[in-house]
Amino acid sequence: MKTREKLRLRILLEQYLNETGSKEAGKLIQILNGTLTIPAKAGRKPKYSDETVRVIKHLRASGETVRSIAAVTGCSTGYVQKIAAEQETGQIKTVKKVSE
């Protein structure tokens with residue numbers, strides 16, 4: 001958002017706040033000013049629980065195959081492989097965005 005657009009938005013929000021006393025408008029003004037931060041809840045919510053991840057790690061450590069773990073937990077084999085690789089290397093794998 002351009003600086004000019006932010007200024008115009010702030011003016012409109014202040015007018016709206018003065019007319020209505022809206023708490024939401026006050027919060028938006030604080031966000032624009034940088035005095036209030038938005039809580040970090042960005043991104044996709046996990047599809048599987050922490051308990052499922054623990055089960056996958058336990059079964060893989062006990063020697064179960066990727067396919068059998070996927071069948072038991074209801075996860076894809078790719079997800080089981082990802083969790084197993086994270087366990088073996090100690091690093092979390094991330095998916096890189098491909099720019100067009």
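Each residue takes its place number in the sequence, starting with 1.
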*Asks:* Picking from Ile69, Val80, Val66, what satisfies side-chain contact (heavy atoms from CB on, under 4.5 Å) with Cys75?
*Replies:* Val80
*Asks:* Can I get a per-line list of side-chain donor-acceptor pairs under 3.5 Å for residues 53-60, giving both atom names and the distance, sequence neighbours left out?
*Replies:*
from, atom 1, to, atom 2, distance (Å)
Arg54, NH1, Glu51, OE1, 2.7
Arg60, NH1, Glu64, O, 2.8

*Asks:* Grouping I, L, V, M, F, W and Y whenever their side-chain heavy atoms are under 4.5 Å apart, do Ile31 and Leu7 come out in a common cluster?
*Replies:* no
*Asks:* Any chance you could measure Gln81, atom CD, to Glu88, atom CD, to the nearest 0.5 Å?
*Replies:*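 Between atom CD of Gln81 and atom CD of Glu88 there are 10.5 Å.
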*Asks:* Applying ring pair (Phe, Tyr, Trp, His ring centres under 6.0 Å), can you list everything that pairs with Tyr48, at least two apart in sequence or on another chain?
*Replies:*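 Partners of Tyr48 by the ring pair (Phe, Tyr, Trp, His ring centres under 6.0 Å) criterion, ordered by chain and then number, come out as Tyr79.
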*Asks:* Could you measure the distance from the CG atom of Leu17 to the CD atom of Glu24? Nearest 0.5 Å is fine.
*Replies:*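 These two atoms lie 10.5 Å from each other.
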*Asks:* Are any non-hydrogen side-chain atoms of Asn33 and Arg10 less than 4.5 angstrom apart?
*Replies:*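 Asn33 reaches Arg10 side chain to side chain.
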*Asks:* Is Glu86 paired with Lys82 through a side-chain N to carboxylate O contact shorter than 4.0 Å?
*Replies:*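 So Lys82 pairs with Glu86 through a salt bridge.
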*Asks:* Which pair of non-hydrogen atoms, one from Leu13 and one from Ala25, has the smallest distance, and what is that distance?
*Replies:*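 In terms of heavy atoms, the two residues are closest at O-CB, 4.1 Å.
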*Asks:* In this structure, would Ile29 and Tyr16 fall into the same cluster of hydrophobic residues linked by side-chain contacts under 4.5 Å?
*Replies:* no
*Asks:* To the nearest 0.5 angstrom, please state how far the CG atom of Leu28 sits from the CG atom of Leu9.
*Replies:* 7.5 Å
*Asks:* Less than 4.5 Å apart, side chain to side chain, heavy atoms only: is that true for Leu12 and Gln15?
*Replies:* yes
